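First listed ligand is number 1; within each ligand, the first listed atom is number 1. Just so we're clear, the structure is a prediction, and the values are computed from it rather than from any experiment.
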Amino acid sequence: QWRGVIREYADRLPVTEKTKIITLGEGGTPLVPARALSELTGCTVYLKVEGMNPTGSFKDRGMTMAITAAVEAGAKAVVCASTGNTSASAAAYATAAGLNCAVLVPEGKISMGKLSQAIAHGATLLQVDGNFDNCLEVARKLAEAYPVFLVNSVNPARIEGQKTGSFEVVDVLGDAPDIHALPVGNAGNITAYWKGYQEYAAPYSNPTPGADGGELPAVSSKTPAMWGFQAAGAAPIVAGHPIDEPDTIATAIRIGNPASWEQAIAARDESGGVIEAVTDEQILEAHRWLSSQEGVFVEPASAAGVAGILKKHRSGELASGQSIVITVTGHGLKDPDWALKLPDGSPVQPEKVEFDVVSVARALGLE
Ligand SMILES: Cc1ncc(COP(=O)(O)O)c(/C=C/C(=O)C(=O)O)c1O
């Protein structure tokens, strides 16, 4: 029985024997061979399917750690700004801990699946007439001025929890891959994966006071190149300056001023990786590729890493024979509208048939 990321990796997290752990069983997500991408690229490609977490995105890895820290700090309420998945996760984990949860989301730019989760868990949902960056600015000021605990990825507990994604990849693969690709929005996740890969590739002693002592040996023999991909309409790190009006159909990464900007640059440069942009069309193509070729259903933003690998392959920048892990970050049910649209944007029309076996057989081409 998988015990959640904190218990599975306690000796590498800021917890002690006395910590009251808040968990919904997050982590231990599938590492799925990407058959079609492997055939296309001549690489060995795996998908780290983070939509299989309790609230359907990778945010749960960080939230178990952040809400556990909130409880340890005696908080009664937590707050976050969110494009949707952070708020869904914060609402669920706050409920599990008996804490109140306030979420600030950009009005009209959050998918229904995520909105339904925050509401279902009883979060106080505030729609801000602005974008995610405006929401985060207000949430940070609120947490400074009032007794509410900020659980966005500016909170180091989130990064600590999310670094377990790379531990799981190494534990399953046996070593780090040559390349790790993923979407980049607020840049917490690329920061966390790089931290995890670095920690696993060297001896480690838990710096947390009261944590069980002793030095842990290195687990992996190397670290991967980190390949991060932003939506072209919301690519501040690629542009080298904040984007005031970020715009992309991948609403989860519609972010113009990433909180972990510097850490993302460090991950790119220290790992010998890249941070590049992919267009909305490339993101939707990758979203459909995953559904129709790999059997994995993800929300559009989650496919940005796959869009990036396809782009680099097509431009001749992806040498074959490499091992690649691509984190796909959120379940397709979070934002199913795009799966119900044809590439030209018109709605998918399920075929109507009479309820007799001949009509059905004919519709299936059996007659
Ligand atoms: C599906 C999905 N894929 C990728 C990202 C980007 O991760 P970061 O680069 O660590 O921000 C997000 C981020 C969402 C929020 O920032 C939020 O929920 O507020 C996401 O939901």
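- The existence of a salt bridge linking Glu160 and Lys195 is confirmed by a sub-4.0 Å separation between a basic side-chain nitrogen and an acidic carboxylate oxygen.
- Its side chain within the 4.5 Å cluster rule, Leu333 clusters with Phe297 among the Ile, Leu, Val, Met, Phe, Trp and Tyr residues.
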Starting from the N and O atoms of ligand 1, collect every protein N/O partner closer than 3.5 Å and put each pair on its own line with the distance to 0.1 Å.
residue, atom, partner, partner atom, Å
ligand 1, 3 (N), Thr329, OG1, 2.6
ligand 1, 9 (O), Gly185, N, 2.7
ligand 1, 9 (O), Asn186, N, 3.3
ligand 1, 9 (O), Ala187, N, 2.8
ligand 1, 10 (O), Gly188, N, 3.1
ligand 1, 10 (O), Asn189, N, 2.8
ligand 1, 11 (O), Asn186, N, 2.8
ligand 1, 16 (O), Lys59, NZ, 3.3
ligand 1, 18 (O), Ser82, OG, 3.1
ligand 1, 18 (O), Thr83, OG1, 3.4
ligand 1, 18 (O), Asn85, N, 3.1
ligand 1, 18 (O), Thr86, N, 2.7
ligand 1, 18 (O), Thr86, OG1, 3.1
ligand 1, 19 (O), Ser82, OG, 3.1
ligand 1, 19 (O), Thr83, N, 2.8
ligand 1, 19 (O), Thr86, OG1, 3.3
ligand 1, 21 (O), Asn85, ND2, 2.7

Derivation of the salt bridge (Lys or Arg N to Asp or Glu O under 4.0 Å) call for Lys222 and Asp178: CA-CA 9 Å; Lys222 62 180 180 173; Asp178 296 314; 2.7 Å; yes
List the atom pairs, donor and acceptor, that lie under 3.5 Å between side-chain atoms in residues 92-105 and the rest of the protein, sequence neighbours left out.
residue, atom, partner, partner atom, Å
Tyr93, OH, Glu26, OE1, 2.6
Thr95, OG1, Ala91, O, 2.7
Thr95, OG1, His121, O, 3.1

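- For the pair Glu199 and Arg12, the salt-bridge criterion is not met [side-chain N within less than 4.0 Å of a carboxylate O].
- Looking at residues two or more places apart in sequence or on another chain, you find a side chain to side chain contact (heavy atoms under 4.5 Å, CB included) between Asp344 and Leu342, Ser346.
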